[in-house]
Amino acid sequence: MKNGSFIINGLASESVHAVITKWFDIPRPARKITLNADAVGADRAIIVDEQSYANREFEVTIGVWEASTNLPKLLNTLDSGGYIDARFYTDPDYTYQVISTAEIAAERPGKSVDYREVTVKFSAAPYKYLNGVQAITVADSATVTNPEAYVAKPLLTLAGTGDMTLIVNGHTISFKSIESEIALDCALQDAYREASGVIYNLNAQMSHSAYPMLKPGANAVAVTGAKLTIEPRWRTL
């Protein structure tokens, strides 16, 4: 990515003549823990670890030329009501999931009639996702290597008909009477099939085992009765 560039919810900075005006750092998220300093008989605080992380907060200042036309496009993109994907030149190898959290006021810092700057306050989900990752196809068995230091929650799609079996790191999930394919979103913990814009719930057609995750390093994956496609969603903090 070029210096100052970004892509937010599919909107490239170049398409709206916008640029990030100064470098910014995105903080590492804090681990969610509770310290209990009142435990009777303990000589130090007791730690309760939630095994999760808080969102990270940061600000980005963006300059926009031809603002009368381009600024509304940017602001409409930021007005999401939910998390949207964002890539920044300061960390070009990863995609963040962000939401704008405060009022955005446009400023005119110079004499230019049609140049404005806005400072956007973002809250980002703790994990960022590696860009440029290709889908992995498994017809029988394979070793899938997670290059990051944190577990990934992939999207798994099994294509085929009838009964199927998926084994990930020794944990087996069985599927019954599949018509054409079944997708497992391991982040949402949902099983479904999408056809012609309609989503069909298929949770009743799988054994209720824990949804698989891909641990750091090598993962043993095997499938019978189907072809497996893995969207790995490699992530880190």
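What you see below is based on every heavy atom in this structure, not just the backbone, and it leaves out hydrogens, waters and symmetry mates. The structure presented is a predicted model; accordingly, all values stated were derived computationally and were not measured.
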Checklist line | Within 6.0 angstrom of Met1 CE, more than 12 heavy atoms from elsewhere | finding: yes

Next item on the list: Carefully, step by step, assess Phe122 and Ile99 under the rule side-chain contact (heavy atoms from CB on, under 4.5 Å).
Entry: CA-CA 6 Å; Phe122 285 114; Ile99 184 171; over 6 Å; no

Item checked: Ring-ring centroid check Trp23 Tyr89, cutoff 6.0 Å -> yes

Check: Any side-chain heavy atom of Val60 sitting closer than 4.5 Å to one from Thr119?
Finding: no

Note to self: Testing the 3.5 Å rule here: is there a donor-acceptor pair between the side chains of Ser123 and Glu57?
What the structure shows: yes

Notebook entry, point to check: Roughly how far, to the nearest 0.5 Å, is the SG atom of Cys186 from the CG atom of Leu155?
Noted result: 7.5 Å

Check: On the ring face of Tyr129, is Arg233 found with NZ or CZ under 6.0 Å from the centre and within 45° of the axis?
Finding: no

Notebook entry, point to check: What closest approach, in Å, do Leu71 and Ala106 show between heavy atoms, and which atom pair accounts for it?
Noted result: CD2-CB, 3.8 Å

Item checked: Lys215 atom NZ, over 12 foreign heavy atoms within 6.0 Å -> yes

Checklist line | Set of side-chain contact (heavy atoms from CB on, under 4.5 Å) partners for Ile46, sequence neighbours left out | finding: Asn36, Ala39, Ala42

Notebook entry, point to check: Among all residues two or more places apart in sequence or in another chain, which pass the side-chain contact (heavy atoms from CB on, under 4.5 Å) test with Ile84?
Noted result: Ile8, Asn9, Ser80, Val98

Check: Would Tyr150 end up clustered with Tyr94 when hydrophobic side chains under 4.5 Å apart are linked, directly or stepwise?
Finding: no

Notebook entry, point to check: Nearest heavy-atom pair of Pro232 and Ile136: which atoms, and what distance?
Noted result: CG-CD1, 4.3 Å

Item checked: Heavy-atom check, side chain of Thr224 versus side chain of Met164, under 4.5 Å -> no

Check: Which value, rounded to the nearest 0.5 Å, describes the distance between Glu148 atom CD and Leu130 atom CG?
Finding: 5.5 Å

Check: Taking all non-hydrogen atoms of both residues, which atom of Ser180 and which atom of Arg193 are closest, and how far apart?
Finding: OG-CD, 3.3 Å

Next item on the list: Report yes if some heavy atom in the side chain of Ile230 is under 4.5 Å from a heavy atom in the side chain of Val144; otherwise report no.
Entry: yes

Item checked: Heavy-atom neighbours of Glu107 CD exceed 12 at 6.0 Å -> no

Next item on the list: Please round to the nearest 0.5 Å and tell me the distance separating atom CG of Asp85 and atom CG of Asn131.
Entry: 9.0 Å

Check: Can you name the nearest heavy-atom pair linking Thr229 to Thr137, along with the distance?
Finding: OG1-OG1, 4.3 Å

Next item on the list: Could you tell me whether the side chain of Asp190 reaches within less than 4.5 Å of the side chain of Asn203, counting heavy atoms only?
Entry: yes

Donor-acceptor list for residues 165-173 side chains, cut-off 3.5 Å, not counting sequence neighbours:
from: Asn169; atom 1: OD1; to: Ala220; atom 2: N; distance (Å): 2.9
from: Asn169; atom 1: ND2; to: Asn219; atom 2: OD1; distance (Å): 2.8

Next item on the list: Report yes or no: do Ser5 and Ser13 form a side-chain donor-acceptor pair below 3.5 Å?
Entry: no

Margin query: If you define the side chain from C-beta out and look only at heavy atoms, does anything of Arg108 sit under 4.5 Å from Val113?
Written below: yes

Next item on the list: Provide the full list of salt bridge (charged side-chain N to carboxylate O under 4.0 Å, His left out) pairs with a residue in residues 7-30, sequence neighbours left out, each pair given once.
Entry: none

Note to self: Under the salt bridge (charged side-chain N to carboxylate O under 4.0 Å, His left out) definition, can you give me all pairs with a residue in residues 34-54, not counting sequence neighbours?
What the structure shows: Arg31-Asp49

Item checked: Working for side-chain contact (heavy atoms from CB on, under 4.5 Å), residues Leu158 and Leu184 -> CA-CA 8 Å; Leu158 293 87; Leu184 273 66; 4.3 Å; yes

Margin query: Using the ring centroid of each side chain, check whether Phe24 and Phe88 are separated by less than 6.0 Å.
Written below: yes

Next item on the list: Starting at NZ of Lys153, measure out to CZ of Arg235 and round the result to the nearest 0.5 Å.
Entry: 5.0 Å

Next item on the list: Kindly indicate whether the side chain of Trp234, heavy atoms from C-beta on, has any atom under 4.5 Å from the side chain of Leu214.
Entry: yes

Checklist line | Approximate separation, where rounding is to 0.5 Å, of Leu202 CG and Tyr192 OH | finding: 10.0 Å

Notebook entry, point to check: What residue pairs, at least two apart or across chains, pass salt bridge (charged side-chain N to carboxylate O under 4.0 Å, His left out) with a residue in residues 124-143?
Noted result: Asp91-Lys128

Margin query: For Tyr127 and Tyr53, take the angle between the two ring planes, folded into 0 to 90°, and tell me which bin it lands in: parallel under 30, tilted 30 to 60, perpendicular over 60.
Written below: perpendicular

